[in-house]
Amino acid sequence: MNKADTSTSTVVIAIDGPAASGKSTVARALAARLGYRFLNSGDLYRAITWGCLSHGVDCREAGAIAMAVGNSRVELGCDGTEYYPIVDGTDPRVHLRDAAVNANVSPVSAVPAVRYILSAVIRAQAQGRQMVVEGRDIGSAVFPETPYKFYIDAPVQVRQRRRRNQGQTEEIAQRDLIDSTRSTDPLTIASGATVIDSSSLDVAGVVNAMLEKLREHGLLGGIGILPMVPGSNRQDADAT
Ligand code: DC
């Protein structure tokens, strides 16, 4: 990673954290302010889970999942500045938060072959680009070499409340347990990551704290910072 010339080199800002910590919201807002592209890697894991479910794969069977994902074509489309997953030529975005996907995405994403395949897709996309990438293992396993790492956290009660406000019944504590105890690339605070608790800050507060850190790291020397997009400061509305 080249710190000096950010106009042509690969720059990845890695943002990890547990479910409903607000990382997607702040990652999207940060990308907009920097003029970078945004990739939500959880959507890739959700898309693959949807693909397995729609082919009738038993999501308790690691071998069956590995075979199904190995036989799938996983790509990224780009909607303006934001990437989205495409599985076997289909855009599954409307299904990514279906109850069945919510229930199965953590076990599917614990399968090592799935992680290997999706991490390769993410790394290939970042080549030569400036991107904000969010997930569970972005700073620890996908881009361990990036100097720009954040871990967004919030107490489990706050995160559960955010999901309820979104009209979702997702079992946050159970997801935390599976994501942080799986054997391959578990959710963890990457070495060198700046930890930010989002429970007492609004989106602009978190983004400003990140910009401050990036400035300390020398990333923002040559680039202009855009203003917040109107309406993007609501954390509880869509925190993921
Ligand atoms: O961020 P999210 O809740 O949409 O992620 C859905 C699941 O995907 C989550 O339970 C763990 C998995 N995931 C992962 O294992 N690694 C990532 N980099 C991103 C998500």
Side-chain angles (χ1 to χ4, degrees), residues 12-28 38-53 59 62 65-66 69 74 76 82-85 87 92-126 131-144 146 149-154 156 158-160 162-190 193 198 235 238-240:
V12 171
I13 299 175
I15 302 184
D16 292 302
S21 59
K23 61 190 185 305
S24 302
T25 312
V26 298
R28 183 178 289 114
F38 168 57
L39 171 55
N40 177 335
S41 65
D43 282 357
L44 266 176
Y45 285 91
R46 287 174 179 274
I48 274 297
T49 304
W50 170 81
C52 287
L53 291 167
C59 289
I65 294 167
V69 176
V74 186
L76 288 165
E82 201 160 312
Y83 291 103
Y84 62 90
V87 178
R93 275 178 288 180
V94 291
H95 299 292
L96 297 185
R97 272 145 193 94
D98 287 356
V101 172
N102 284 342
N104 288 287
V105 63
S106 279
V108 168
S109 57
V111 176
V114 171
R115 308 204 65 77
Y116 181 83
I117 290 167
L118 296 189
S119 295
V121 169
I122 298 166
R123 283 192 199 105
Q125 198 65 38
M131 283 172 44
V132 176
V133 185
E134 69 97 328
R136 300 293 193 288
D137 62 340
I138 305 303
S140 56
V142 185
F143 298 105
T146 183
K149 301 182 191 184
F150 297 94
Y151 186 93
I152 309 297
D153 208 354
V156 68
V158 172
R159 294 186 287 118
Q160 195 78 62
R162 285 177 179 162
R163 276 289 189 268
R164 275 200 304 274
N165 290 347
Q166 293 163 350
Q168 292 195 30
T169 51
E170 206 177 4
E171 195 28 77
I172 295 289
Q174 179 65 11
R175 182 181 298 286
D176 285 354
L177 182 70
I178 302 178
D179 292 346
S180 56
T181 57
R182 67 179 175 225
S183 58
T184 307
D185 305 339
L187 171 67
T188 182
I189 301 176
S198 70
Q235 182 68 276
D238 60 351
T240 61

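Counting convention: from 1, in listed order, for ligands and their atoms alike.
- Put simply, the side chain of Asp137 reaches to within 4.5 Å of the side chain of Ser119, judged on heavy atoms.
- Near Ser109, with a cut-off below 4.0 Å to any heavy atom, the atoms of ligand 1 are 11 (C), 12 (C), 15 (O).
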May I have the list of side-chain donor-acceptor pairs in residues 45-52 shorter than 3.5 Å, sequence neighbours left out?
unit_1 : atom_1 : unit_2 : atom_2 : d
Tyr45  : OH     : Arg115 : NH2    : 3.4
Arg46  : NH1    : Leu96  : O      : 3.0
Arg46  : NH1    : Asn102 : OD1    : 2.8
Thr49  : OG1    : Tyr45  : O      : 2.7

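- Residue Arg136 holds the heavy atom nearest to atom 9 (C) of ligand 1 of all those in Arg46, Arg182, Arg136.
- When side chains are defined from C-beta on, Ser41 counts as touching Ile138, because their heavy atoms get closer than 4.5 Å.
- Ligand 1 has a nitrogen or oxygen under 3.5 angstrom from a nitrogen or oxygen of Arg115.
- Proximity annotation for atom 18 (N) of ligand 1: of Asp137, Asp176, Asn102, Asp137 comes nearest, heavy atoms only.
- The closest donor-acceptor contact from the side chain of Thr146 to the backbone of Val12 lies under 3.5 Å.
- Between Arg136 and Val142 there is no side-chain heavy-atom pair separated by less than 4.5 Å.
- Here is the list of ligand 1 atoms found below 4.0 Å of a heavy atom in Lys23: 1 (O).
- At least one side-chain heavy atom of Leu53 sits less than 4.5 Å from a side-chain heavy atom of Cys59.
- Among the atoms of Asn40, none of the N or O lies under 3.5 angstrom from an N or O of ligand 1.
- Near Asp179, meaning under 4.0 Å from any of its heavy atoms, are these atoms of ligand 1: 9 (C), 10 (O), 11 (C).
- Those atoms of ligand 1 with a heavy atom of Arg175 less than 4.0 angstrom away are 7 (C), 9 (C), 10 (O).
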